[in-house]
Amino acid sequence: MRARSQEPCAARETRPSLTDDIELTLLTSRQEGTVNPFQSLSDAILAAFPALEPGDLVFAQAPNLAVGDVALRTFEPAKKLKLPPPQLATRLATEITYGPEVRAVTTAGPYVNFRLDRGVFGRRIVTQILAERERFGSRDSGKGKKALIEHTSINPNASPHVGRARNAMIGDSLVRLLRFDGYDVEVHYYVNDMGRQIALLVLACQDPSSLTFDQVLQIYVDANARAEAEPEFAAQGYDLLAKMEQGDADTKSRFHAITGLCLKGQLAVLARLGVSYDVFDHESDYIKDARLAQVLEALRAKDAVFTDQDERLVVDLSKIGHAPEEGRYFVLMRANGSSMYGFRDIAYTIDKSERGADINLSVFGEDHKLYAQQIALILEAAGKTAPETVYYSYILLKAGKMSTRQGKVVLLSEFLDEATALAAERVEEQCKDLAPEDRKIIAQNVAVAAVRFTILRVGPNKNVIFDWDTSLSFSGDTGPYVQYSCARINSILRKLGQDLPHPPVQFPTETDSEWALLVKLASFPDTVANAVQTRNCAPIAQYALDTARIFTAFYHDCPVLNADSETQRAARALLCKATHQTLCNALQLLGITAPERM
RNA sequence: GCGCCUGUAGCUCAGUUGGAUAGAGCAACGGCCUUCUAAGCCGUAGGCCGAGCGUUCGAAUCGCUCCAGGCGCGCCA
């Protein structure tokens, strides 16, 4: 499980030795798919109540540490044993012999509260994290499996705005998450290199070779305005599109010049965020896909496709399982024989589904919900499988929704520039002794953290109202706050010297601050597993934030370098290292790196 | 009109496989830098969890109805 170690520098660091009992605990808990530091407690209970199963015992944090170090609810097991919960709680507290690591057991109505030898559990938790390193948190649920994720896929017509970038950030984090959990992930980007809007842009760009990417947005805005005002101009666009589809070489190269320029520019901006792709699929390659004939045949067999009075080729989805009248019809081809976006997309979607991935996932804006359902119905009717979908809601401006056509946008590049400049000011003050190049890198890291964290922290199906001040803040609930706590840990470890001590047998971690941190660290694998299962990275961001906050409380309460004893110093140093490891693992999933100093 | 999503502190958001007193940040006010980075910490104040009804020993979390916002609903992509 550690064979996948990716850090080349990992071997250089001192590795704490493992005792056999801890290695054993790790292995058994791994096999069960849960890393449960409280397993010895549940084992004792299960031995006394054979009717119960491990899943019946839910350990949770007590409402506060004065009540107990860990709490057990009795509602579930009591139901199974047909006992009143408070009665079962009393029996669990009085009749069972727990190991020496349990110091006291009390009840509070239906709850059992355990007071523990925190050092024993703390040592287990820290040792496990330091043994698993950059793999800590992963359960390898995707081992030996493939995943295909398509995300971003924005029109190559302008610089991306932060609303579109939400797709890229969500998609990229899902890629990182699935890779972390063992999947072999291939990232796809669907290049929409044709269609009406691109045609208008091509019309408006006389000499593409003299253009820069940054100029395209204004040209695009103007072209759309013109198409609205002049029907002839709009008609020219359709004509050009038809020529493109018929394979006219000159038209094709004009399209490619523009879409290539735009794609390159877009990818450069996305790369600043740390987002990258493996495969680019071009829409124009799917115009005359052979598989479309099969789909049409299947639809005809179900009497679900017809040519309407305006000579359009239309699917009647009510014939293949679409109940409501709204969204019943799906147009495949225009009267002039040119295909619609959806028709080409069917071919592309089939193409993806035939690549043998165990998970086939697409990230779409919420505006695609009905559309994706329609495609899924058509695919199903043709005996194909539609991809799994993850949707996200729009980022709104105070003045309303963003619109590329109207130029009413906050550009991602603009946002990143602003964030980097602000971060650079802070780095200037804080890291005077560093070389300018190093300071620049730190500023860029902080900016990316601010931007990505702002977006990823929020649940994907929630609208976000974009606000410059909030998004550019580096204090409070932010990515830079998490980075900052990592920098503080690094500072301690740096001053401690090169080698980390071995975990002492006496592992003093008795204060509430230490214990709260340990419990939080131990819950990281659950957080990751939940994120994998729900395809949602937002809880990872929340976890990083909570952990950083709990660490900071520890940082203020518990001196490390000036600890009371050598063993306490060792235990706290290792706890710091374990926290740093866990935070880095969490941040990595969000596409954020923590600088050594900031 | 119909469908999907959302509604939690003044603002931005956590918390929902139902469980002990609903949590952070920002903004406000009051403290803390001869002690591991003040991008920080501590304290004060701030809540009919949109409204109502229901299910349950127990509801922010589940169900129904309403209200408000977002998105979508036949030759855009």
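Within every chain, numbering begins at 1; the chains are lettered A, B, ... in the order of the sequence lines, protein sequences first and strands thereafter. Note: hydrogens, waters and symmetry copies are ignored here, and every other heavy atom, side chains too, is used.
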Using only atom types and a distance under 3.5 Å, with no angle test, would you say the side chain of Arg328(A) pairs donor to acceptor with the backbone of His322(A)?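 Side chain of Arg328(A) to backbone of His322(A): no pair is present.
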So, is [X] near the phosphate of [N], with a side-chain N or O under 4.0 Å from OP1 or OP2?
{"X": "Asn461(A)", "N": "U6(B)", "answer": "yes"}
{"X": "Gln430(A)", "N": "A39(B)", "answer": "yes"}
{"X": "Lys79(A)", "N": "C57(B)", "answer": "no"}
{"X": "Arg488(A)", "N": "A38(B)", "answer": "yes"}
{"X": "Arg549(A)", "N": "G25(B)", "answer": "yes"}

Side-chain-base donor-acceptor pair under 3.5 Å for Asp477(A) and U12(B):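 Looking at the base of U12(B), it does not pair with any donor or acceptor on the side chain of Asp477(A) (distance under 3.5 Å).
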When the distance from OH of Tyr392(A) to P of C13(B) is rounded to whole Å, what number comes out?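 Going from OH in Tyr392(A) over to P in C13(B) covers 17 Å.
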How long is the line joining CG of Leu65(A) and P of A20(B), in whole Å?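 Rounded to the whole Å, the gap is 16 Å.
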Using the purine O4'-C1'-N9-C4 or pyrimidine O4'-C1'-N1-C2 torsion, is G40(B) syn (within 90° of 0) or anti?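 Classified anti.
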Using O4'-C1'-N9-C4 for purines and O4'-C1'-N1-C2 for pyrimidines, with syn meaning within 90° of 0, is C33(B) syn or anti?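 The base of C33(B) is oriented syn (glycosidic angle within 90° of 0).
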Regarding [X] and [Y], is there a side-chain donor-to-acceptor distance under 3.5 Å anywhere?
{"X": "Glu283(A)", "Y": "Tyr341(A)", "result": "no"}
{"X": "Asp193(A)", "Y": "Ser284(A)", "result": "yes"}
{"X": "Thr511(A)", "Y": "Ser513(A)", "result": "no"}
{"X": "Tyr391(A)", "Y": "Asn461(A)", "result": "no"}

Base-pairing assignment for [N] (Watson-Crick or G-U wobble, both under 3.5 Å):
{"N": "A38(B)", "value": "none"}
{"N": "A9(B)", "value": "none"}
{"N": "C62(B)", "value": "G54(B)"}
{"N": "C48(B)", "value": "none"}

Would you indicate what [X] reaches in the nucleic acid, counting non-hydrogen atoms under 4.0 angstrom: base, sugar-phosphate, or nothing?
{"X": "Val560(A)", "result": "base"}
{"X": "Asn113(A)", "result": "base"}
{"X": "Tyr481(A)", "result": "sugar-phosphate"}

When you measure from the side chain of Val464(A), which nucleotide among U21(B), C13(B), G40(B) comes out closest?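 When the side chain of Val464(A) is considered, C13(B) is the closest of U21(B), C13(B), G40(B).
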Phe554(A) and Phe551(A) aromatic ring geometry - parallel, tilted or perpendicular at 30°/60° bounds: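 Plane angle between 30° and 60°, so tilted.
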Going 5' to 3' along nucleotides 63-77 of chain B, which nucleotides have protein heavy atoms under 4.0 Å from the base (write B), which only from the sugar-phosphate (write S), and which from neither (write -)? -------BSSBBBSB
